[in-house]
Asks: 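Got a structure for you, questions after.
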Amino acid sequence: QVQLVESGGGLVQAGGSLRLSCAASGSIFGGNTMGWYRQAPGKQRELVATIFSGGTTNYGNSVKGRFTISRDNAKNTVYLQMNSLKPEDTADYYCNLHIIRNGMDYWGKGTLVTVSS
């Protein structure tokens, strides 16, 4: 069993920055991908960014150049640095862990990010 706990969400004005953190605990294998997804009211959940345990990253088109994902494998923690925030970034942000070995996905309960104009 794996648990993911997000933190760092909140209210920020447009153009500002926030950093989200997600700490994972449990049976985490070496080959895995951690990432962030977001969902705004009335919209489908979309990819924000993912990072492989080896360091390879992938970003959603809407956040490229503004967000940076990183991870600390020793702490089993993934971070999302969000800069130049826009009102359209407002959403619930969910942490995800995908374990390649068994194909399992785990999700945090989410943290709300609100960007005001």
Side-chain angles (χ1 to χ4, degrees):
Q1 295 297 110
V2 174
Q3 289 185 306
L4 304 174
V5 180
E6 303 106 328
S7 62
L11 175 65
V12 65
Q13 63 183 10
S17 299
L18 283 175
R19 190 174 82 149
L20 305 182
S21 299
C22 174
S25 62
S27 300
I28 304 171
F29 296 92
N32 65 77
T33 298
M34 297 188 74
W36 294 92
Y37 295 75
R38 68 186 184 186
Q39 186 169 24
K43 297 183 178 180
Q44 290 189 323
R45 187 172 297 184
E46 66 175 351
L47 168 71
V48 177
T50 61
I51 182 167
F52 180 59
S53 54
T56 302
T57 59
N58 183 48
Y59 293 92
N61 291 331
S62 63
V63 306
K64 290 180 180 177
R66 298 187 298 121
F67 292 7
T68 302
I69 189 170
S70 62
R71 63 187 291 168
D72 186 335
N73 291 333
K75 297 181 178 179
N76 293 319
T77 301
V78 63
Y79 306 93
L80 184 69
Q81 179 66 45
M82 304 184 292
N83 298 325
S84 301
L85 283 162
K86 305 174 181 179
E88 64 191 63
D89 295 318
T90 297
D92 280 307
Y93 284 70
Y94 298 90
C95 181
N96 169 262
L97 170 67
H98 177 77
I99 299 177
I100 298 172
R101 184 184 181 111
N102 57 17
M104 295 292 293
D105 280 288
Y106 300 91
W107 296 89
K109 65 180 181 180
T111 184
L112 178 63
V113 172
T114 303
V115 184
S116 62
S117 301

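No experiment lies behind these values; they were computed from the predicted model shown. Computed over heavy atoms, backbone and side chain alike; hydrogens, waters and symmetry mates excluded.
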Asks: Step through the shown structure and confirm whether more than 12 heavy atoms of other residues, nucleotides or ligands are within 6.0 Å of CD on Glu46.
Replies: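 Atom CD in Glu46 is packed in, count exceeds 12.
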Asks: Tabulate below the donor-acceptor pairs under 3.5 Å that side-chain atoms of residues 13-25 make, not counting sequence neighbours, or state none.
Replies:
residue: Ser17; atom: OG; partner: Asn83; partner atom: OD1; Å: 2.9

Asks: Verify side-chain contact (heavy atoms from CB on, under 4.5 Å) between Tyr79 and Thr68, making sure each step is shown before the conclusion.
Replies: CA-CA 8 Å; Tyr79 306 93; Thr68 302; over 6 Å; no
Asks: Is any NZ, NE, NH1 or NH2 atom of the basic residue among Glu6 and Lys109 found under 4.0 Å from an Asp or Glu carboxylate oxygen of the other?
Replies: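 Looking at Lys109 together with Glu6, the answer is no, because their closest N to O distance does not fall below 4.0 Å.
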Asks: If you look at every heavy atom in Leu47 and Tyr37, which pair is closest and at what distance?
Replies: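 Closest approach of Leu47 to Tyr37, heavy atoms only: CA-CD2, 3.5 Å.
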Asks: For residues Ile99 and Asn32, report the shortest heavy-atom separation together with the two atoms involved.
Replies: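 That closest heavy-atom pairing would be CA-CB, 4.2 Å.
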Asks: Rounded to the nearest 0.5 Å, what separation is found between the CG atom of Leu112 and the OG1 atom of Thr90?
Replies: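 Nearest 0.5 Å value for the CG-OG1 distance: 8.0 Å.
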Asks: With a 4.5 Å heavy-atom cut-off, do Arg38 and Leu80 have their side chains touching?
Replies: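 When only atoms from C-beta onward are counted, Leu80 and Arg38 do not touch, as no gap falls below 4.5 Å.
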Asks: Just wondering, do Met82 and Asp89 contact through their side chains at under 4.5 Å, heavy atoms?
Replies: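 Side-chain contact under 4.5 Å: no.
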Asks: Describe, in one word, how the ring planes of Tyr94 and Trp107 are oriented to each other, choosing from parallel (under 30°), tilted (30 to 60°) and perpendicular (over 60°).
Replies: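 Aromatic pair Tyr94/Trp107 classed perpendicular.
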Asks: Are Arg45 and Asn96 packed together at the side-chain level, in the sense that at least one heavy-atom pair is separated by less than 4.5 angstrom?
Replies: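 Answer no - side chains too far apart.
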Asks: Got a donor-acceptor contact below 3.5 angstrom from the Tyr59 side chain to the Gly65 backbone?
Replies: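 Not a single qualifying donor-acceptor pair exists.
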Asks: Can you measure from CG (Asp105) to CG (Leu4) and round to the nearest 0.5 angstrom?
Replies: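 One finds 10.0 Å between CG of Asp105 and CG of Leu4.
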Asks: Could you state the interatomic distance from OH (Tyr106) to CD1 (Ile28), rounded to the nearest 0.5 Å?
Replies: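 Spacing of OH (Tyr106) from CD1 (Ile28) equals 9.5 Å.
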Asks: Are Leu97 and Met104 linked, directly or through other ILVMFWY residues, by side chains that come within less than 4.5 angstrom of each other?
Replies: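 As far as the 4.5 Å side-chain criterion goes, Met104 and Leu97 are connected within one cluster.
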Asks: Asn58 versus Thr33: any side-chain heavy-atom pair under 4.5 Å?
Replies: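 No, too far: nothing below the 4.5 Å cut-off.
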Asks: I need the minimum non-hydrogen distance between Cys95 and Met34, along with the two atoms involved.
Replies: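 So the two residues come closest at SG-CE, 4.2 Å.
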Asks: Give a yes or no on whether Trp36 and Phe52 share a hydrophobic cluster (residues Ile, Leu, Val, Met, Phe, Trp, Tyr; joining criterion: side-chain heavy atoms under 4.5 Å apart).
Replies: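 As far as the 4.5 Å side-chain criterion goes, Phe52 and Trp36 are not connected within one cluster.
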Asks: Can you name the residues that form a side chain to side chain contact (heavy atoms under 4.5 Å, CB included) with Lys43, not counting sequence neighbours?
Replies: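 Result, side chain to side chain contact (heavy atoms under 4.5 Å, CB included) vs Lys43: Ala40.
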